[in-house]
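As structure tokens, the structure follows; a few thoughts come after it.
Below, read A as the first sequence line, B as the second, and so on, with proteins coming before strands; counting in each chain starts at 1.
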There are 2 protein chains.
Amino acid sequence: MRASERAYRALREEILDGVLAPGTALAEVEQANRLGVSRTPVREALARLEADGLATAASARVLQVSALDAASIVSLYEVREALEGQASRLAARRRDPARFAELRRRLAEAPELLDEGDDGLRAYYDVVDALDDEIEAAVANPMLAAALQSARLHSARVRRLARQHPERLRAAASEHLLIVDAIIAGDTDLAAHATHVHLHLSLRHALASIEERSALVSPTGTA
Amino acid sequence: MRASERAYRALREEILDGVLAPGTALAEVEQANRLGVSRTPVREALARLEADGLATAASARVLQVSALDAASIVSLYEVREALEGQASRLAARRRDPARFAELRRRLAEAPELLDEGDDGLRAYYDVVDALDDEIEAAVANPMLAAALQSARLHSARVRRLARQHPERLRAAASEHLLIVDAIIAGDTDLAAHATHVHLHLSLRHALASIEERSALVSPTGTA
DNA sequence: TCTGGCAATTGTGTATACATCGAGTTCCCA
DNA sequence: TGGGAACTCGATGTATACACAATTGCCAGA
């Protein structure tokens, strides 16, 4: 694999996992040394991260890992509502019912996966990701697909920050099931509205979850 | 200004203007020679263009100017409908009425600009751009703003491809006026729906316009 | 004449050297 | 002692050399 690709994936993974905390400076030489490649591929990786919105230019010459606070999570969900609402609507219009029927079966079994520990959790997320993939394919719109991919990237970051409770994931699975049913039925409005509902509840949970976490970190609530 | 920035803007301008036609190969050495800089800044410029969606990797080693056919225009408008609908909705909720009142005045005078030749046309587009800026500011969502900027880039390309008739622009101005009125009134649904209407009519015109143009190019309709 | 393989050319991927700009610090002068 | 200016240090911006891979064209053999 190309060095620039490895550098990009390594840095992206570290940002998503929080190993590189928000605000961390991303200097070319430092990262080049750390990753064992020259500045050239690191440069390209950093440019991609900035395009992704995972890194932000703090000043003309310093690049930082993007912030991930409540405000940016709300911003993300406002974008997701727009993009995923549209995607669900278009998928309901253009879908091949057979492909979603298979997915529906897997999704119906998802709640049980959550009793099976970490492997089950991974399998659960695989199903959810497969749903996103299927919707993206059904929409058949490369530009919308690119925008959705970007949103998925940021969603993954939020997901890892706000570790989900099993009961929330079980609820999310049933929300997803409703979206799939609406898509299979070709009910565009229901697909869009069910997506809206899912995102609303998901955001509420995410905000509560990080609130709770920051309360643990600073019981006085000053930071 | 940095060489990479100059290279990026030069290439972007040429793509938007159609000087570099869709499908044109963008080779590093060739562009570096042509633009009078080394491969390094050209490389960065090409990466940005690809991230923008103005260039597409045709294979592992060849980058091309992105296609701009009816299908991709429809795709663009599906994304715009999602993003701009959400933006109008949020702007109607968060706007400062005073700032949009000023804009409303300018927009009301826009139709007369269209009788004043090319300068008037430029002034007209300045007003429309100012509206986009104002909405973006009112929304106060950096992630949505970035997505909107990307859409505006592609919209500019379509705009230059499908030269607008004055009567269409006059109609568009009144559609914009309705959007502004809805935003000032804080009517979120009307703002979103008026945006939908505007985009629908705009797309219909754009498709008819390029249809007409391609009919001129190939009267048999085979290409 | 056609096909398959080899070689040459061309373009990208990476490393590195050099140029340039900015920031921070220190020293000098008021 | 405080403020300003210059210098130094370090980081990014750019150019270029080299390595490598792919594609294309040519030649030989069937």
In a table with atom names and distances, give each donor-acceptor pair under 3.5 Å that connects a side chain of residues 52-62 of chain B to protein atoms at least two apart or in another chain.
{"unit_1": "B:D52", "atom_1": "OD2", "unit_2": "B:Y8", "atom_2": "OH", "d": "2.4"}
{"unit_1": "B:T56", "atom_1": "OG1", "unit_2": "B:S66", "atom_2": "OG", "d": "2.7"}
{"unit_1": "B:S59", "atom_1": "OG", "unit_2": "B:R61", "atom_2": "N", "d": "3.3"}

Any residue meeting salt bridge (charged side-chain N to carboxylate O under 4.0 Å, His left out) with [X], in chain and number order, not counting sequence neighbours:
| X | result |
| --- | --- |
| A:R80 | A:E84 |
| A:E30 | none |
| B:E116 | none |
| A:R106 | none |

For DNA chain C, the residues among residues 23-36 of chain B that have a non-hydrogen atom under 4.0 Å from it = B:A27, B:E28, B:V29
Does any residue of residues 2-13 of chain A have a heavy atom under 4.0 Å from DNA chain C, and if so, which ones, in number order?
->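 Nucleic-acid contacts, sorted: A:R2, A:A3, A:S4.
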Exercise: identify the closest heavy-atom pair between [X] and [Y]:
| X | Y | result |
| --- | --- | --- |
| A:L76 | A:A151 | CD1-O, 4.0 Å |
| B:A91 | B:V139 | N-CG2, 4.0 Å |
| A:A130 | A:L103 | CB-CD1, 3.9 Å |

Every protein N/O lying under 3.5 Å from an N/O of nucleotides 17-24 of chain C:
{"unit_1": "C:dC21", "atom_1": "O2", "unit_2": "A:R61", "atom_2": "NH2", "d": "3.3"}

A:R34-A:Q31 side chain donor-acceptor pair, cut-off 3.5 Å = yes
Base, sugar-phosphate, or nothing for B:V37, non-hydrogen atoms under 4.0 angstrom?
-> sugar-phosphate
Does the pair [X]/[Y] count as a salt bridge with the N-to-O cut at 4.0 Å?
| X | Y | answer |
| --- | --- | --- |
| B:R152 | B:D133 | yes |
| B:R12 | B:E5 | no |
| B:R93 | A:E78 | no |

How close or far is atom P of C:dG13 from atom CG of B:L46, stated in whole angstroms?
->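 Answer to the nearest Å: 10 Å.
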Segment of DNA chain D, first to last nucleotide, that comes within the 4.0 Å heavy-atom reach of chain A |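 On DNA chain D, the outermost contacted nucleotides are D:dG10 to D:dT14.
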Taking only residues two or more places apart in sequence, or in another chain, which ones meet A:R95 in a side-chain hydrogen bond (donor to acceptor under 3.5 Å, both in side chains)?
->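 Result, side-chain hydrogen bond (donor to acceptor under 3.5 Å, both in side chains) vs A:R95: none returned.
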Are more than 12 heavy atoms from other residues, nucleotides or ligands located less than 6.0 Å from atom CZ of A:R204?
-> no
Which residues within residues 47-58 of chain A lie with some heavy atom under 4.0 Å of an atom in DNA chain D?
-> none
Quick one: ring-ring contact (aromatic ring centres under 6.0 Å, His included) partners of A:H165, sequence neighbours excluded?
->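 Listed in chain order: A:H205.
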